[in-house]
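Throughout, protein chains are lettered first and strands after them, A, B, ... in sequence-line order, and every chain is numbered starting at 1. Atom set for the values below is all heavy atoms of this structure, side chains included, hydrogens, waters and symmetry mates excluded.
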Amino acid sequence: MNKKSSLMSRLAGAPYIVWAALFIIVPLCMVAYYAFTDNTGAFTIQNITGLAKYTDTFLLSIWLGLVATVVCLVIAYPLAYIMAQKGPEKQSTMTMLIMLPMWMNFLLRTYSWMTILEDTGLINTVITSLGFEPLQLINTRGAVVLGMVYNFLPYMILPIYTVMLKTDHSLVEAAQDLGGNKLDVFRNVTIPLSVPGIVSGFTMVFVPSVSTFYISQKLGGTGTILIGDIIETQFQTANNFNLGASLSFVLMILIFVCLAVMNRFSDDDGGVIL
Amino acid sequence: MTKKTSLGGKLYTALVFIFLYAPIAVLIVFSFNSGKSTSVFEGFSLYWYKELFNDAATLSAFKNSMIVAVVSSIISTVMGTAAATGIYNYKNKLVKTSIMTVTNIPMMNPEIVTGVSMMLLFVFIGAIFGKTGTLGFPTLIIAHVTFELPYVILNVLPKLRQTDPHLAEAAQDLGCTPLQAFFKVMLPAIMPGIISGLMMAFTLSVDDFIISYFVSGTTSQTLPIRIYSMTKRRVTPDMYALSTLIFLAILALLIVSNIISARGDKKLSRKGGSKK
């Protein structure tokens, strides 16, 4: 390409670079700035050290997020495997059926569970009409995990399915030809080859689960306060931006550490296969 | 490779799909309930749909959502396509990887952090100029453009890589200016990527709640924010009516787009067949 055109195509990226600097980088610096200053603008680390009292909340958020992610993986993996074996027409129908609920607003999806699990909701109405005692379903940690699994399950199914679809089937056949039985082939070939899908599914479920506030508000009641709830309160009602920023700052770092560890795992496994 | 799925496999698939669709079915059934209850069906009626269409706040939120989605997806598609072309042409590897890293940030970061960070920026700038109500339509559009951009770029970049770079050179040798070469040769070649980027940007914008919630202020409610404020109160079936309508709209869109793409595939295979 001649000089003039390459200069022009390089200039084409300029507006985006300016935009990204202004609205991606600078806002993150603002989070750091608010996290390390008090409400008069003076430097302090008290916001960060004061977070010690939220340790339990952080741990609970990470724990529930992990449980939801693992449950998603356990449900999604066999389904992705079954889908990958189907013919192209069935595959596109099934993909569409999995994406359809995803495109509905997640507030409405969560809300529908609220009405199913309520004390006078659908399940308890059926149970009491059969003559049993109503169950405490809503406002439990189980309900929060259920909400996370329901909302983010498609994000686990689709990446695993995509990777399985791209997998070279001759590798599976080769393993079978070399005498591996079904279980061996599945364990030593199918699973390792699908690790990239598992990793991206893990990320796509874990990050929104850990940082959610709507799901815990609707399904967890007052007993399950997650880190997202506390951040939301600081910005929407308590107006304590400094505390909110320091919580966001720590949450962001925690999640990046988790993701880095996850990526380490997938790299190692990749090395083993090669 | 197509294998017959075992009975257990079929049963399992059915169970997962029941899990995915049962809550949606509940919403749809109870949206036609004549009573206020969301657990006992009292009789068929369209009462809640009428309620919904008489609700001015919901309708205006819907209008706001559409305006924000159209404006932000057009801006992000134009800027993102230009950015992808630029990124594709950068020779310096360090510059390229650092731009891509920054591009990935809005996708990796929890949405709540993205929302909060932009809110802080807008509030901070407002404070400098001594204004309080900085949050509104403009900030909503800036935020939406920002989180849509990575998806546009990631849809367009692969198409650029697939396109033969000599095409644009050939066009220039034949007398096109670089700009003409881009619009007449490159743009049609990467069009499928641009369209899927635009569609993705649009749907993400309509669907977004968390980021909008922090940057919209009190005056410019979008539909998801309206849903949020309505679900704060007691559960009533008018939200069910809204969900049902949204579900039907999405279902129709998906079916239409599937038919279009299926036709495209057929045409493509016919073309391929005639060449042979």
Exercise. Are A:F213 and B:Y213 close enough that their ring centers fall under 6.0 Å?
Worked result: yes

Select one option (side chain, backbone, both, neither) describing which atoms of [X] are under 4.5 Å from chain A's heavy atoms.
| X | answer |
| --- | --- |
| B:F122 | side chain |
| B:I105 | side chain |
| B:Y228 | both |
| B:Y88 | neither |
| B:V102 | both |
| B:M119 | side chain |
| B:T114 | neither |

Can you find a pair of side-chain heavy atoms, one from [X] and one from [Y], that are under 4.5 Å apart?
| X | Y | value |
| --- | --- | --- |
| A:F23 | B:L149 | no |
| B:I24 | A:S112 | no |
| B:Y21 | A:L97 | yes |
| B:I255 | A:M96 | yes |
| B:F19 | A:L153 | yes |
| B:L120 | A:P27 | no |
| B:V116 | A:L247 | no |
| A:K218 | B:T231 | yes |

For this session: Report the C-alpha separation of A:Y16 and B:I99 in whole Å, then their side-chain angles, then the decisive distance to 0.1 Å, and conclude whether the side chain to side chain contact (heavy atoms under 4.5 Å, CB included) test is met.
Result: CA-CA 10 Å; A:Y16 170 66; B:I99 294 177; 4.0 Å; yes

Need one label for [X]: side chain, backbone, both or neither, based on atoms under 4.5 Å from any heavy atom in chain B.
| X | answer |
| --- | --- |
| A:I75 | both |
| A:L79 | both |
| A:M94 | both |
| A:Q217 | side chain |
| A:Q236 | side chain |

Residue pair [X] / [Y]: nearest heavy atoms and the distance that separates them:
| X | Y | value |
| --- | --- | --- |
| A:L108 | B:M239 | CD2-O, 4.2 Å |
| A:M102 | B:D207 | O-OD2, 4.4 Å |
| B:Y90 | A:A14 | OH-N, 4.3 Å |

Hey, can you pull the donor-acceptor pairs under 3.5 Å for the side chains in residues 244-254 of chain B, sequence neighbours left out?
residue, atom, partner, partner atom, Å
B:T244, OG1, B:S31, OG, 3.3
B:T244, OG1, B:Y240, O, 2.8

Problem set entry | Choice from B:G9, B:A83, B:S117 maximising heavy atom contacts with chain A below 4.5 Å | B:S117

Exercise. Counting heavy-atom pairs under 4.5 Å to chain A, which of B:F147, B:Y12, B:F214, B:F182 comes out on top?
Worked result: B:Y12

Problem set entry | Audit row: B:V113, A:F249, side chain to side chain contact (heavy atoms under 4.5 Å, CB included) steps and yes/no | CA-CA 8 Å; B:V113 176; A:F249 186 73; over 6 Å; no

For this session: Just do the side-chain hydrogen bond (donor to acceptor under 3.5 Å, both in side chains) check on A:Y111 and B:S243 with the steps written out, would you?
Result: CA-CA 10 Å; A:Y111 184 73; B:S243 322; over 6 Å; no

Problem set entry | Criterion side chain to side chain contact (heavy atoms under 4.5 Å, CB included) on A:I98 and B:F17, from CA distance to verdict | CA-CA 8 Å; A:I98 289 169; B:F17 278 108; 3.7 Å; yes

Exercise. So, A:N105 side chain and B:P224 main chain: donor-acceptor pair closer than 3.5 Å or not?
Worked result: no

For this session: Look up atom CE in B:M79 and atom CH2 in A:W19, then write down how far apart they are to the nearest 0.5 Å.
Result: 4.5 Å

